[in-house]
J.: 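Quick one: the structure is below, and I'll ask about it shortly.
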There are 2 protein chains.
Amino acid sequence: MTQDSRRTDHGPTIYEVAERAGVSIATVSRTLRGTGPVAPETRRRVLEAAEALRFTPSRAGVSLAEGRHAATGIVFPDLSGPYYAEVLMGCEEVASELGRSMIVLSTRGRSEVPRLVRDLAGRVDGLVVFGGTVPDDLLAELAGGGHPLVLIASAPLPGADLVAAENHDSAVRLAEHLVGHGHRTFTLLGAGDGSDIAQRWRGVTGVLERLGLPAGAPVPCAFTVEGGYAAGRELLARTGRPDAVVCADDQIALGVLLAAEELGLSVPADVAVTGWDDIMAARHARPALTTVRQPMRELGARAARALDELIGGERTGSRHQTLPTELVVRASCGTHPLEEA
Amino acid sequence: MTQDSRRTDHGPTIYEVAERAGVSIATVSRTLRGTGPVAPETRRRVLEAAEALRFTPSRAGVSLAEGRHAATGIVFPDLSGPYYAEVLMGCEEVASELGRSMIVLSTRGRSEVPRLVRDLAGRVDGLVVFGGTVPDDLLAELAGGGHPLVLIASAPLPGADLVAAENHDSAVRLAEHLVGHGHRTFTLLGAGDGSDIAQRWRGVTGVLERLGLPAGAPVPCAFTVEGGYAAGRELLARTGRPDAVVCADDQIALGVLLAAEELGLSVPADVAVTGWDDIMAARHARPALTTVRQPMRELGARAARALDELIGGERTGSRHQTLPTELVVRASCGTHPLEEA
DNA sequence: CCGTCCTATGTAAGCGCTTCCACTGTCCGG
DNA sequence: CCGGACAGTGGAAGCGCTTACATAGGACGG
């Protein structure tokens with residue numbers, strides 16, 4: 001039981017390299033990290049020994065001595081759908097350039113999120129957190145505890161950076177486009193958990209109100225294809241079906257498309273449908289989905305960079321960045337002049 | 001310059017907890033980890049102190065003392081498309097259950113892959129590696145160096161576990177289904193990098209040969225929508241267009257669908273198209289894509305578990321696991337009796 | 001009542017690395 | 001020639017934690 005099984009068989013240590021090269025460990029360290037002066041001949045011997053032993057410094061040792069992890073954590077709900085995956089990629093790429101590893105933590109379906117997040121916080125220099133994944137009080141505790149924190153698509157938090165895509169104005173553009181198609185009765189699908197969605201709805205209803213058009217409260221709906229399908233079936237089957245269904249994200253919209261098809265309704269002739277995010281399937285659906293593209297990769301990249309600044313202490317005050325989105329007009333919102341030609 | 005900026009302001013140490021509780025650090029450690037006996041009253045004081053200080057053990061300290069990282073690394077090419085993302089999720093979930101963090105490394109577009117992988121290997125207890133992301137000699141070096149290694153969808157490597165989805169037989173089923181639709185001339189799109197794709201093609205060509213049908217060499221093609229689109233334009237425009245285009249993955253197939261649409265060809269009437277993977281867009285494309293679904297999440301989960309066994313030393317010999325796939329018949333491969341009814 | 005076991009706790013030796021400091025030569029400018 | 005600057009190196013003190021080992025009281029059977 002007290003055998004050796006407690007540890008993985010680690011590689012050679014700096015002592016072995018030092019011995020083989022006939023120098024002290026200090027010299028090995030200096031040589032390998034390029035700090036401090038080393039005689040050419042010594043350097044050669046050290047490098048040779050390190051090479052021969054395939055020496056890689058123990059990360060734990062380095063971390064402990066340096067007092068930093070050279071790693072950043074990222075907390076997201078799930079990786080299904082391209083949104084989070086893309087953000088993660090953007091983040092990972094920049095982090096890697098900055099010499100940091102990325103540790104991922106998904107919260108979907110997890111019961112002990114606070115414990116997992118605390119644990120994660122303990123092994124990184126800073127955290128990137130998606131809105132709605134971690135309880136606010138825990139975030140506040142972390143920020144208060146001096147943990148550099150960057151929030152993505154989330155409500156602002158004192159002491160933490162925030163990176164988000166523009167929501168309100170994009171929604172205004174989308175709504176105006178739909179109104180331009182002649183649509184008059186709208187239904188918003190996907191009640192807003194998080195300020196993100198709420199901002200979009202404010203943009204849409206603002207346009208409608210200005211035009212004196214009715215704008216009911218958003219209809220609750222799971223943010224999945226199945227959720228959109230179920231809600232779509234219900235919504236489109238009843239009398240007084242809306243002209244246009246504006247969905248909180250593409251997955252919901254795809255579900256609505258499925259429901260419309262099944263009900264024998266034509267999109268966009270009978271009903272217009274729009275999404276949000278521009279995931280891959282949006283382009284390939286028929287009719288292709290009109291949606292709003294978010295700069296997902298860029299969101300991640302910005303978050304990684306902001307975190308690096310926070311960690312490096314180059315900046316103390318928190319900063320909020322809002323990235324522009326792009327309205328992607330496809331077939332699902334109505335027939336376009338160009339296509340008629 | 002030599003100021004304090006070199007380290008993040010870390011939280012309280014075990015010493016502070018010990019002092020506050022009026023005990024030694026050994027007792028704190030024993031209390032918190034539940035090793036060794038502790039008097040109830042002492043336990044209470046320690047927990048209280050730890051709570052008050054919001055103490056979280058420094059991961060680097062723990063790692064160094066324990067001689068393990070409680071983390072596993074995963075190397076994948078990219079997270080675009082749901083395939084890798086799903087596998088990652090499956091992996092992360094199991095790893096988390098086993099008390100390990102997941103550190104991700106994406107290789108796409110990276111120049112210094114070997115250095116990055118070595119660095120990663122230094123901060124984890126074991127690695128999960130997707131086929132085609134890391135040079136074979138580096139893998140061999142890692143395996144030889146005692147690093148637990150699990151390969152996914154890759155050529156086998158001595159000393160490493162392998163987890164893969166079944167390829168050959170699934171391809172046979174797919175080909176037989178297509179032949180059943182009356183298709184006779186086939187083109188395989190996406191020349192195989194990696195034994196994975198090669199196995200699929202062997203399955204398909206095997207069926208064709210048995211029936212005396214021509215089966216040319218797979219046509220090279222980038223594994224992206226754009227790649228499939230470009231190849232599809234070229235392929236479908238020429239005289240002697242095939243009955244069926246069997247694509248190496250769904251993204252290619254989606255591109256071919258786009259090309260067919262643009263050329264005014266009807267799928268499946270003029271040409272059948274099939275994919276592989278069953279990504280989300282496959283279901284929503286019109287015609288919906290016939291494809292082969294891989295148990296992506298399960299692949300990741302198995303990999304994580306296998307790695308844990310390897311790390312724990314519960315097993316020394318390497319093991320190969322092959323997971324079954326599912327043929328998903330949709331509209332793109334031909335008209336089905338049920339749909340005709 | 002004493003030797004023996006446990007329980008409960010402290011002591012201290014690392015884990016592998018970075019880096020401050022001290023020390024030894026060398027090389028120059030004065 | 002001499003003092004000083006500096007290149008080149010080793011010694012040793014941690015970084016925060018785990019854990020073998022030592023120690024000190026009881027409890028308890030004989």
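Atom set for the values below is all heavy atoms of this structure, side chains included, hydrogens, waters and symmetry mates excluded. Sequence lines set the chain letters: A, B, ... in the order given, protein chains first and strands last, and positions in each chain run from 1.
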J.: Within this structure, what is the NE2-to-C1' distance between A:H69 and D:dC15, rounded to whole angstrom?
T.: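 These atoms are roughly 11 Å apart.
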
J.: Any donor and acceptor pair, going by atom type alone, linking the side chain of B:S106 with main-chain N or O of B:P77 inside 3.5 Å?
T.: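 At least one qualifying donor-acceptor pair exists.
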
J.: Please tell me if the side chains of B:R297 and B:E93 come closer than 4.5 Å, counting only heavy atoms from C-beta onward.
T.: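 Yes, at least one pair of side-chain atoms sits under 4.5 Å.
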
J.: Which nucleotide in the set D:dG11, D:dT18, C:dG10 lies at the smallest distance from any side-chain heavy atom of B:E66?
T.: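 Nearest listed nucleotide: D:dT18.
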
J.: Side chain of B:T27 only, heavy atoms from C-beta on: which candidate in C:dT18, D:dT18, C:dT9 is closest?
T.: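 The nucleotide sitting nearest to the side chain is C:dT9.
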
J.: Using modelled atom types only, decide if a donor and an acceptor are shared between the side chain of A:D125 and the backbone of A:R68 within a distance under 3.5 Å.
T.: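 Judged by distance alone, no pair lies under 3.5 Å.
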
J.: Any donor and acceptor pair, going by atom type alone, linking the side chain of B:D161 with main-chain N or O of B:R319 inside 3.5 Å?
T.: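 The answer is yes, because a donor-acceptor pair under 3.5 Å joins these two groups.
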
J.: Using a heavy-atom cut-off of under 4.0 Å over every strand shown, decide if B:S29 touches base, sugar-phosphate, or nothing.
T.: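 Base, at least one base heavy atom under 4.0 Å.
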
J.: May I have the distance from B:R30 (atom CZ) to C:dG10 (atom P), rounded to whole angstrom?
T.: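 The answer, rounded to whole Å, is 8 Å.
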
J.: In whole Å, what is the span from the CD1 atom of B:I25 to the C1' atom of D:dC21?
T.: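 Between C1' of D:dC21 and CD1 of B:I25: 15 Å.
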
J.: Is the phosphate of C:dG16, meaning OP1 or OP2, less than 4.0 Å from a side-chain N or O of A:S58?
T.: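 So the side-chain polar atoms of A:S58 never come under 4.0 Å of the phosphate oxygens OP1 or OP2 of C:dG16.
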
J.: Find the distance A:R59:CZ to C:dC17:P and express it as a whole number of Å.
T.: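 Those two atoms, CZ and P, are 11 Å apart.
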
J.: Contact list please: residues 31-48 of chain A against DNA chain D, heavy atoms, distance less than 4.0 Å, in numerical order.
T.: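 Contacts with DNA chain D under 4.0 Å: A:P37, A:V38, A:A39, A:T42.
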
J.: Run the salt bridge (charged side-chain N to carboxylate O under 4.0 Å, His left out) check on A:E41 and A:R44 step by step: do they pass?
T.: CA-CA 5 Å; A:E41 164 61 10; A:R44 197 191 55 68; 3.2 Å; yes

J.: In this structure, are over 12 heavy atoms from other groups packed under 6.0 Å from A:E51 atom CD?
T.: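 Open: at most 12 neighbouring heavy atoms sit under 6.0 Å from CD of A:E51.
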
J.: To the nearest Å, how far apart are A:R68 CZ and D:dG16 C1'?
T.: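 Rounding to the nearest Å, CZ of A:R68 and C1' of D:dG16 are 18 Å apart.
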
J.: So, does the side chain of B:Y15 form a donor-acceptor pair with the base of D:dC17 at under 3.5 Å?
T.: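 Looking at the base of D:dC17, it does pair with a donor or acceptor on the side chain of B:Y15 (distance under 3.5 Å).
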
J.: Name the pairs: protein N/O against N/O of nucleotides 23-27 of chain D, kept only if under 3.5 Å.
T.:
none

J.: Take the protein atom CD1 of B:I14 and the nucleotide atom P of C:dA12, then report the distance between them rounded to whole Å.
T.: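 About 17 Å, once rounded to whole Å.
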
J.: Below 4.5 Å, heavy atoms only, C-beta onward: do A:R110 and B:S96 meet side chain to side chain?
T.: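 The answer is yes; the side chains approach within 4.5 Å.
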
J.: Under 3.5 Å, sequence neighbours excluded: what are the donor-acceptor pairs made by side chains of residues 25-32 of chain A?
T.:
unit_1 : atom_1 : unit_2 : atom_2 : d
A:T31  : OG1    : A:T27  : O      : 2.7

J.: More than 12 non-hydrogen atoms from neighbouring residues, nucleotides or ligands closer than 6.0 Å to CD on A:E19, yes or no?
T.: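 No - once you tally the heavy atoms of other residues, nucleotides and ligands closer than 6.0 Å, there are 12 at most.
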
J.: Could you give the CD-to-C1' distance, from B:E16 to D:dC15, as a whole number of Å?
T.: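 That distance rounds to 13 Å.
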
J.: Distance check needed: D:dC15 P versus A:L64 CG, whole Å only.
T.: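 To the nearest whole Å, that distance equals 9 Å.
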
